[in-house]
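In what follows, a structure is listed as structure tokens, so that the remarks can point back to it.
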Amino acid sequence: MAVTNIQRSFICVLLFIFVIEVENKAPSLPCPPPWTSKHAKVIKVSITGCADPTGKCILKRGQVYQLNVTFIPDEMVANLTASVHAIIAGQEIPYPIKKTDGCKGCGLTCPLKSGATYTYSDELSIPKFAPAMIVQVLWAVEDQNKIVVWCVGIEVVVV
């Protein structure tokens, strides 16, 4: 069965959300280059309703989940741009998200100060038509110079 671009995009968003550690502190996966974090320490990642002791985040189709990433930037950040990618069959696929400006609607007010603690929040909707599958999701934010501030990855199971 062929996977459409819409399904790939949906899977990517789901995977990125799952890449972030869940409320039960599931382990996050390292982000591959070029998504390696450069300018922040991620303190906590959580996704509401995502709890699996094996480290996989199980998300149900037709549901909305809240992603929270608590981090400390190691330098001043004037702007944040968010992006999500899914790794499916070894291919990195961009997933379109509604809130690409991390300084608006994600719980942050820029500029961010070096050494202060912040929490980035966003929602992830899993479409009812999404295929059941396992995917790695990468959720990253870049600064005003297009340098990765942080990236989280998680293995997501769409059911």
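The residues of the chain are indexed from 1 along the displayed sequence.
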Cluster overlap Ile88 with Ile97, hydrophobic side-chain contacts below 4.5 Å: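 Yes, one cluster joins them.
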Cluster link Val42 to Leu80, ILVMFWY, side chain under 4.5 Å: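 Per the 4.5 Å side-chain linkage, Val42 and Leu80 are co-clustered.
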Donor-acceptor contact present, side-chain Gln144 to main-chain Ala78, <3.5 Å: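 It does hold such a pair.
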Side chain Gln66, main chain Thr48, donor-acceptor under 3.5 Å: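 No, Gln66 side chain to Thr48 backbone: no donor-acceptor pair under 3.5 Å.
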By side chain to side chain contact (heavy atoms under 4.5 Å, CB included) - contacts of [X] (at least two apart):
X: Ile147; value: Lys38, His39, Asp143, Asn145
X: Thr81; value: none
X: Thr117; value: Thr70, Ile72
X: Ala132; value: Arg61

Can you name the nearest heavy-atom pair linking [X] to [Y], along with the distance?
X: Val69; Y: Trp150; result: CG2-CH2, 3.7 Å
X: Lys146; Y: Glu142; result: O-OE2, 3.7 Å
X: Pro73; Y: Ala40; result: CA-CB, 3.8 Å

Listing, residues 99-111 side-chain donor-acceptor contacts under 3.5 Å, not counting sequence neighbours, or none:
| unit_1 | atom_1 | unit_2 | atom_2 | d |
| --- | --- | --- | --- | --- |
| Lys99 | NZ | Gly105 | O | 3.0 |
| Asp101 | OD1 | Cys103 | N | 2.9 |

When rounded to the nearest 0.5 angstrom, what is the spacing between OH in Tyr65 and SG in Cys57?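 The SG atom of Cys57 is 7.5 Å from OH of Tyr65, to the nearest 0.5 Å.
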Taking atom OH of Tyr120 and atom CH2 of Trp139, what is their separation to the nearest 0.5 Å?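 One gets 5.0 Å once the value is rounded to the nearest 0.5 Å.
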Could you walk me through whether Lys44 and Phe71 satisfy the side chain to side chain contact (heavy atoms under 4.5 Å, CB included) test, starting with their C-alpha distance in whole Å, then the side-chain angles of each, then the deciding distance to 0.1 Å, before giving a yes or no? CA-CA 7 Å; Lys44 181 181 178 185; Phe71 65 101; over 6 Å; no
Asn79/Val77 under side chain to side chain contact (heavy atoms under 4.5 Å, CB included): CA gap, chis, key distance, verdict: CA-CA 6 Å; Asn79 296 303; Val77 178; 5.9 Å; no
Ignoring hydrogens and angles, state whether a donor on the side chain of Ser114 or Asp74 is under 3.5 Å from an acceptor on the partner side chain.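 Note: Ser114 and Asp74 side chains miss the donor-acceptor criterion.
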